[in-house]
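Structure first, commentary second.
The residues of the chain are indexed from 1 along the displayed sequence. No hydrogens, no waters, no symmetry mates; every other heavy atom, side chains included, goes into these values.
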Amino acid sequence: WFSSRLFQTVAWSVLTLYIVVQFAAQLGTPLNKYDGSIPLVSADLILHGRRPAVDFWSFYPPLYYYAIAAGFKLYGRTMLVPRFLVIGLGAVVVFVAARFFLASLPALRQLIVFMLFPLVVALGVITAPPWPGFALALLSLMAYLKSRRSGPPDTRWTVFAGILGGLST
């Protein structure tokens, strides 16, 4: 009954609804009292001409700070900028993971929705500062595995995986 159209429709609808609720809940969560403000302060320092790891120290990947700084320039200094960035990145990760599983495991097509549930549940921590780096690393891994899936390695996907890996650190 996993392959029935009704079951698949209900399962994908529940997954999509859970994702929407998860993302909407992220918009209203307060800043983490420990590390939540680090990306905001770092992005503000970048707006004032400072450079991560040169002018100020931080142990999180700097690409996220630059993305937040660009968002600040476009939309103003608001807490919603990093939230929308991580929500967008989370949506990309779920979409790419679904496509990856569909292409890699066609025999398990009916169970893909269940393979995505742990990933979607983990989206509850997307507001943590290291999450964008983890998401890019996961995308890098999926790109690398795609390059090795069949036949000789596809150099384009290997290069893309390397770029994503570099951006994640």
So the salt bridge (Lys or Arg N to Asp or Glu O under 4.0 Å) pairs with at least one residue in residues 158-168 (sequence neighbours excluded) are none
ask   = Counting only heavy atoms not in Y144, do more than 12 sit closer than 6.0 Å to its OH atom?
value = no
| task | Check whether more than 12 heavy atoms from other residues, nucleotides or ligands sit under 6.0 Å from atom CZ of F117, and answer yes or no. | result | yes
Side chain to side chain contact (heavy atoms under 4.5 Å, CB included) between L164 and L141: does it pass, once the steps are laid out? CA-CA 9 Å; L164 286 175; L141 175 65; over 6 Å; no
F160 meets the ring pair (Phe, Tyr, Trp, His ring centres under 6.0 Å) criterion, sequence neighbours left out, with W157
Here the salt bridge (Lys or Arg N to Asp or Glu O under 4.0 Å) pairs for residues 9-31, sequence neighbours left out, are none
d(Y66 OH, L63 CG) to nearest 0.5 Å is 9.5 Å
### Query
Are L27 and F23 close enough that some pair of their side-chain heavy atoms sits under 4.5 Å apart?
no
Handout entry: Within-4.5 Å side-chain heavy-atom neighbours: L136 and W131
Key = no
All heavy atoms of R148 vs all of P153, minimum pair found to be NH1-CG, 2.7 Å
The side chain to side chain contact (heavy atoms under 4.5 Å, CB included) partners of T9 (sequence neighbours excluded) come to R5, S13
Sorted by chain and number, sequence neighbours left out, side-chain hydrogen bond (donor to acceptor under 3.5 Å, both in side chains) with T158 holds for S147
Exercise. Would you check if L108 and M115 make a side-chain contact, meaning some heavy-atom pair closer than 4.5 Å?
Key: yes
- Does one hydrophobic cluster hold both L31 and Y34, with members joined at side-chain heavy-atom distances below 4.5 Å? no
* Applying the 4.5 Å side-chain criterion to the ILVMFWY set and letting contacts propagate, would L74 and F72 be lumped into a single cluster? -> yes
Show which side-chain atoms of residues 44-62 pair as donor or acceptor with protein atoms under 3.5 Å away, not counting sequence neighbours.
from, atom 1, to, atom 2, distance (Å)
H48, ND1, D44, O, 2.7
D55, OD2, R51, N, 2.9
S58, OG, Y60, N, 3.4
S58, OG, Y65, OH, 2.3
Y60, OH, D35, OD2, 2.3

| task | Please assess V113 against V14 for the test side chain to side chain contact (heavy atoms under 4.5 Å, CB included), listing each intermediate value before the final yes or no. | result | CA-CA 10 Å; V113 68; V14 167; over 6 Å; no
- Item | Heavy atoms of other groups near F134 CZ, more than 12 under 6.0 Å | no
Smallest heavy-atom separation, P39 atom then I68 atom, equals CB-CD1, 3.6 Å
Here the salt bridge (Lys or Arg N to Asp or Glu O under 4.0 Å) pairs for residues 156-168, sequence neighbours left out, are D154-R156
For the side chain of Q8 and the backbone of Q110, is there at least one donor-acceptor N/O pair under 3.5 Å apart? yes
R109 meets the salt bridge (charged side-chain N to carboxylate O under 4.0 Å, His left out) criterion, sequence neighbours left out, with none
The remaining residues in the hydrophobic cluster of V20, counting side-chain heavy-atom contacts under 4.5 Å among Ile, Leu, Val, Met, Phe, Trp and Tyr, are none
Counting only pairs under 3.5 Å, give me each side-chain donor-acceptor contact of residues 79-100, with atom names and distances, residues two or more places apart or in other chains.
from, atom 1, to, atom 2, distance (Å)
R83, NH1, Q26, O, 2.9
R83, NH1, T29, O, 3.4
R83, NH1, T29, OG1, 2.3
R83, NH2, T29, O, 3.2

Closest non-hydrogen atoms of P129 and P132, given as atom of the first, atom of the second and distance, are O-CD, 3.3 Å
V121 meets the side chain to side chain contact (heavy atoms under 4.5 Å, CB included) criterion, sequence neighbours left out, with Y18
By side-chain hydrogen bond (donor to acceptor under 3.5 Å, both in side chains), S104 pairs with (sequence neighbours left out) R149
